[in-house]
Amino acid sequence: MSALLASELARIAQEIDARFDTLLTPPDDSRERLYAAMRHAAIGGGKRLRPLLACASARLFAVDPECALRAGLAIEAIHVYSLIHDDLPAMDDDDLRRGRPTVHRAYDEATAILAGDGFQALAFEIAASEATHPDPFVRSELVAALAAAAGPAGMVGGQAMDMAAEAGGKHDLDAISRLQQLKTGALIGFSIEAGAILGRVPPEGRTKLRAYAHDLGLAFQIADDLLDAEGDPAAMGKAAGKDHAAGKATFVGLLGVDRARAQARLLSQQAIDHLGNFGREADLLRDIAAYVVDRDR
């Protein structure tokens, strides 16, 4: 990991934790348990890759860092909601997340469902706030794009495809790629495109960023599959080998470890190549593309 990336990861993680700490100050009423569960899920741990991508993308277009950070906070709220719900017994039935008991284990299932719902609503409240961008047209585009990335045409749709595959659906490479482009890639793609939206870059000017996001998202997921197959649970903060045991559709299951690793590295390099028209302002995005295939969690 480069010094630049290590520094930015630490800074963004600290900033996101501080923002959630303020937003989730427990009230002095019967909602206290809900807020405690949300704090348990959101504060401490996590790669914070999505807000980092939003901030790194925003650098390309000289966006106010505060606007970029708030957009990243909205994205992370969606991500946290997805993890809470993914961990539920009706979904992946996980006991550990980020080295701690999952929300439904630390509290209960009903509280976990409500905590996830709370983060989903909070994400759009943040994105729609004037503090995120003074231009209402920019905020409107940001909200619409986030909804598309998180909904049935994006992350939620990918989760549905994942459940169908686990139940005995199609497992070929095209199907797995499509599944992961939605489940993981849609939110990663939005994270990168958010910087361009904040910078008022028209859709036709985002082609290279979208190509970067596509390759990065697939590389990230293949690396996740490799970690599930051979990663250290202590470093990951969650159990390993669950995807294989559950019969999930994975790149490793289809390609094998060596081919999957080679494909991840190829995609990482392709993502970097898409940034060829940018200068040093894109170095952080280049470092992220290299990092996602070499991480240990």
Side-chain angles (χ1 to χ4, degrees), residues 1-2 4-6 8-9 12-13 46-61 63 68 71-72 75-76 78-79 82-83 145-146 148-150 154-155 158 162 173-174 176-199 201 203 205-228 231 250-252 255 259-297:
M1 183 188 303
S2 71
L4 171 64
L5 179 55
E8 285 301 292
L9 275 171
I12 293 296
K47 294 178 284 293
R48 310 303 193 193
L49 177 68
R50 291 153 190 83
L52 176 64
L53 285 167
C55 291
S57 171
R59 285 185 178 188
L60 303 179
F61 310 108
V63 171
I75 298 163
E76 190 68 5
I78 290 288
H79 180 54
S82 75
L83 297 181
L146 179 57
M155 182 185 72
D162 195 21
L173 186 58
D174 286 344
I176 295 174
S177 297
R178 177 61 177 157
L179 183 165
Q180 297 301 349
Q181 284 168 11
L182 297 181
K183 182 181 177 182
T184 303
L187 204 57
I188 286 177
F190 171 75
S191 301
I192 295 161
E193 195 154 359
I197 293 172
L198 293 171
V201 178
R206 305 173 196 166
T207 304
K208 292 294 186 181
L209 282 180
R210 286 173 174 163
Y212 169 91
H214 173 273
D215 290 344
L216 181 76
L218 285 176
F220 180 90
Q221 185 56 51
I222 295 172
D224 254 13
D225 290 353
L226 287 163
L227 285 171
D228 181 74
T250 69
F251 289 102
V252 171
L255 300 174
R259 285 181 63 199
R261 183 174 289 110
Q263 184 65 19
R265 294 194 182 283
L266 174 64
L267 288 162
S268 171
Q269 186 56 55
Q270 285 180 182
I272 292 169
D273 291 343
H274 290 309
L275 301 174
N277 290 337
F278 294 101
R280 295 191 63 183
E281 69 275 11
D283 280 352
L284 183 55
L285 287 173
R286 296 183 182 101
D287 287 351
I288 292 169
Y291 161 73
V292 297
V293 295
D294 290 324
R295 57 197 169 89
D296 62 358
R297 63 188 179 98

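The shown structure was predicted, so the numbers you read here are calculated from the model rather than taken from an experiment.
Contact check for Arg206 versus Ile197: side-chain heavy atoms found under the 4.5 Å cut-off. Side-chain contact between Asp228 and Val252 is absent, with no heavy-atom pair separated by less than 4.5 Å. Between Leu218 and Gln181 there is a side-chain heavy-atom pair separated by less than 4.5 Å. Side-chain contact check for Leu209 versus Val201: every heavy-atom pair is 4.5 Å or farther apart. You'll find the side chain of Gln180 stays beyond 4.5 Å of the side chain of Asp224, heavy atoms only.
Of the inter-residue distances, the one linking Thr184 atom OG1 with Arg50 atom CZ reads 7.0 Å to the nearest 0.5 angstrom. Atom CG of residue Leu179 and atom CD of residue Gln221 lie 8.5 Å apart, to the nearest 0.5 angstrom. Taking CG of Leu52 as the start and CD1 of Ile192 as the end, the distance is 10.0 Å to the nearest 0.5 Å. Atoms CD1 and CG, on Ile12 and Leu49 in that order, are 11.0 Å from each other to the nearest 0.5 Å. For the atom pair Ile222 CD1 and Arg259 CZ, the distance stands at 10.5 Å (nearest 0.5 Å). Atom NE2 of His214 sits about 8.5 Å away from atom NE2 of His274, to the nearest 0.5 Å.
For the residue pair Ala213 and Gly189, the shortest heavy atom distance occurs at CB-CA, 3.7 Å. Nearest heavy atoms, Arg59 versus Leu4: NH1-CD1, 4.2 Å. Nearest heavy-atom pair across Phe251 and Ser177 is CE2-OG, 3.6 Å. What you find for Ala68 and Val63 is that their closest heavy atoms are N-CG1, 4.4 Å. When all heavy atoms are compared, the tightest approach of Leu284 to Glu8 is CD2-CG, 3.9 Å. Shortest non-hydrogen contact noted between Ala145 and Phe190 is CB-CE1, 3.5 Å.
Judged purely by atom type and a 3.5 angstrom limit, Ser268 uses its side chain to pair as donor or acceptor with the backbone of Ala289. Between the side chain of Tyr212 and the backbone N or O of Leu285, at least one donor-acceptor pair lies under 3.5 Å. Arg295 places a side-chain N or O within 3.5 Å of a backbone atom of Phe220 that can act as its donor or acceptor partner. Looking at Ser57, its side chain never comes within 3.5 Å of a backbone N or O of Leu53 through a donor-acceptor pair.
Salt bridge annotation for Asp294-Arg265: present, with a cationic side-chain nitrogen under 4.0 angstrom from a carboxylate oxygen.
Considering only residues two or more places apart in sequence or on other chains, Leu182 meets the side-chain contact (heavy atoms from CB on, under 4.5 Å) condition with Met161, Arg178.
Test Ile188, Leu216, Asp287, Leu267 against Val292 for side-chain contact (heavy atoms from CB on, under 4.5 Å) and you get one pass: Leu216.
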